[in-house]
Novice: 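I'd like to ask some things about the structure below.
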Amino acid sequence: MPGGDPAPEVHVDTQRPGAARPAPSARAKPRAADKLAKLGLTRDLDLILHLPMRYEDETTLTPIDNLLPGQNAQVEGVVVASEVTFRPRRQWVVRVQQGEDELTLRFLNFYGSQQKQLAPGARVRVRGDVRGGFFGLEMVHPAYRVVEEGAPLPQSLTPVYPSTAGVSQAYLRQAIANALERTPLPEQLPPGILNDALGTSANGALPSLADAVRLLHNPPASAPQAALVERSHPAWLRIKFEELLAQQLSLKRAQAARRRVSAPRLPDVPRSDGLLARFEAALPFALTGAQQRVWREIRADLAAPHPMQRLLQGDVGSGKTIIAALAAAQTIDAGYQAAIMAPTEILAEQHLLKLSAWLAPLGARVVWLAGSLKARDKRAALAQVASGEAQLVIGTHAMIQDSVEFARLGLAVVDEQHRFGVAQRLALRGKIATTSDAGSAVPHQLMMSATPIPRTLAMTYYADLDVSLIDELPPGRVPVLTKIVSDARREEVVARVRAAALAGRQVYWVCPLIEESEALQLQTAIDTHQQLIAALPELRVGLVHGRLPPADKAAVMEAFSRGALHLLVATTVIEVGVDVPNASLMVVEHAERFGLAQLHQLRGRVGRGQAESVCVLMYATPLSLTAKARLQTMRETADGFEIARRDLEIRGPGEFLGARQSGAAMLRFVDLVEDAWLIEPARQAAEALLRDDPVGVSAHLERWLGAREAFLSA
Ligand code: ADP
Ligand code: MG
């Protein structure tokens, strides 16, 4: 057991808040104060807002002969026996008597000091889950407290706080009680703001902050425990609303600060002889309504005097690339450089091919910048970027980490930004802001993501970004037919691949994800490739995986793109952004190992052309319930938002978005799924407060975030 403290569940204290309260100045030992600081509890306010995770009910006693197995109960009795036995393993067995009745306590871990406390004759209150044992009813590892006969029962539920080893519950309770005692919590929000935001139904229903925290730290025995534990009690709603309000205020402030920074002006009135005008006249297809709308939003942002920070969301295949190309053209027309970055070389290379095909014939100078370039080529590319000769620079994110200097960077596009956590996003943002020589102006930034996130999440996670949405697929797409097939039918699947390939269509075969071992995953891909070559001798079969040298990777992708390969065996490196319209069949092996978002991304590689496309999800038995739910979702819907919504349900928001995003780091109490309905009211209240009450804004942020705010909006 870590630390010198016994298990935190063991109550050996006799002081409780509500009982004889020691002087408020009860001084912490410095060591304990350090530990509190580690929990982030430095101010009294931090302690006050350190709210219980749950409660224990020590307000009642149950007679031993009323106990039922399965019940959680507190009983009082006198220790009549205490012995350490060794069968079936070392354990300490205590028998507690109450009148005629006895209860057995069983401890598998214990200290000598505990044995001394619970020596025969000691009166003890124990609380735990009752179960039927060999010698009658028993409790395993109950919490206990040695008491005097007739000691009063607590009048309120006992809070249990989040803690770390070394800070006992008793210590936390005392520190919090002291903080509550000496800290007045005057109402800081203008009266009515809560009711306005939450509607009249909540009129008067929410307690003041002071009442809410007092209740949560010290709930009367009559308080509805379920509502406290589920955090649906009005006191919790008050807390959550305040927390969300602080988060929205903080993010909105960061956004406002951004508007005070200047950016390159990229006028949105295209010159008739300019790149943009000529590109728009020569577009390879008509933009969808949704593409036109987001393009209007983005071109207006680029023309504004402060840096754009816009997230362009659009489902797989919705056509985000052309929007990036248009934005690049507007940038180049104004005499600035544009950069497009992708998370993998495969994807970056695809962008290079596509954007070069669109823009180079119109005279744009496009430069490729990737880690795999030979030193000499890289030097040449860097020189063109630095001199300003390169107008459009395409590469991986490595581009921005390297010692790249742009002459006049006007726009940075980050594709598939959902692959990056907030730390990377901020680092990138910082680097973009300083990498250009364009005076003090900060380049515009466009982030593109194919992980559609529900609106409520977008509002909290990305409240510091503007969001554009492409909610429509290009016309003529035939929906992908999804089949779920047991891998016992692998031969049939292989036969199907042969038939499709011989009919002139191209096929992806996605190898299983093996999270534990990259080496194993690689080996599996190589083996699968060999097996499929043997099984399909009449086909040309390629292999692409993450460990392939970039030049080989590019060569394989290029061969597949131009139709020289029938079948491409691949690891998830093809998950992101690969675009080969003639590929219309995809087989995913061990589909049960993939997450929903990943399957959706993978499936998005087919259904890009006119041919009817099929995605075969092969699974191995036994299937877990969640894996089954995932596969069914894939069969039932192709809508990225619907899939995201279900994914959120299955996994919860933390995992859903991968690395924690800045917005969520501010939320301790709000559950983004359960409490989604509170977000919009909090956002509206934040707007009202920012408009009408700047002093209130500062006070609220100070109360909720204290020193953390500077860090979070960095
Ligand atoms: P994603 O949003 O996943 O990055 P892409 O930009 O790769 O999607 O576009 C997917 C495919 O659809 C590409 O082949 C692209 O050229 C094509 N496309 C995009 N917009 C349209 C459109 N308006 N009409 C027809 N095809 C389009
Ligand atoms: Mg894309």
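Basis for what follows: all heavy atoms, side chains included, without hydrogens, waters or symmetry-related copies. As the structure is a computational prediction, the values presented were derived from the model and not from experiment. Both ligands and their constituent atoms are indexed starting at 1 by order of listing.
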Novice: Under 3.5 Å, is there a donor-acceptor pair linking the side chains of Asp487 and His590?
Specialist: no
Novice: Which atoms from ligand 1 have a heavy atom of Thr321 less than 4.0 Å away?
Specialist: 4 (O), 5 (P), 6 (O), 7 (O)
Novice: Got a donor-acceptor contact below 3.5 angstrom from the Asp315 side chain to the Gly640 backbone?
Specialist: yes
Novice: Which of the numbered atoms in ligand 1 are below 4.0 angstrom from a heavy atom of Thr288?
Specialist: 23 (N)
Novice: Please determine if Lys354 and Asp579 form a salt bridge, counting it only when a charged side-chain N lies under 4.0 Å from a carboxylate O.
Specialist: yes
Novice: Just checking, is any N or O donor in the side chain of Glu558 or Ser561 under 3.5 Å from an acceptor N or O on the other one?
Specialist: no
Novice: Give the atoms of ligand 1, by number and element, whose distance to some non-hydrogen atom of Val316 is under 4.0 Å.
Specialist: 3 (O)
Novice: Any non-hydrogen atom of Gln350 lying under 4.0 Å from ligand 1?
Specialist: no
Novice: Donor-acceptor pair, distance only, cut-off 3.5 Å: does the side chain of Arg630 make one with the backbone of Glu592?
Specialist: yes
Novice: Of the listed options (Gln313, Lys320, Arg608), which comes nearest to atom 7 (O) of ligand 1 when hydrogens are ignored and any heavy atom counts?
Specialist: Arg608
Novice: Which ligand 1 atoms does Ser318 reach within 4.0 Å, using its non-hydrogen atoms?
Specialist: 2 (O), 8 (O)
Novice: When you look for heavy atoms under 4.0 Å from ligand 1, do you find them on the side chain of Met448, its backbone, both, or neither?
Specialist: neither
Novice: Under a 4.0 Å N-O cut-off, is there an ion pair linking Glu349 with Lys553?
Specialist: no
Novice: Spell out, as yes or no, whether a donor-acceptor pair under 3.5 Å connects the side chain of Arg603 to the backbone of Cys615.
Specialist: no
Novice: Under 4.0 Å, heavy atoms only, figure out whether ligand 1 is touched by the backbone of Ala286, its side chain, both or neither.
Specialist: backbone
Novice: When you compare ligand 1 with Gly317, is there at least one nitrogen or oxygen pair between them that comes in under 3.5 angstrom?
Specialist: yes
Novice: Any nitrogen or oxygen of Gly319, main chain or side chain, under 3.5 Å from a nitrogen or oxygen of ligand 1?
Specialist: yes
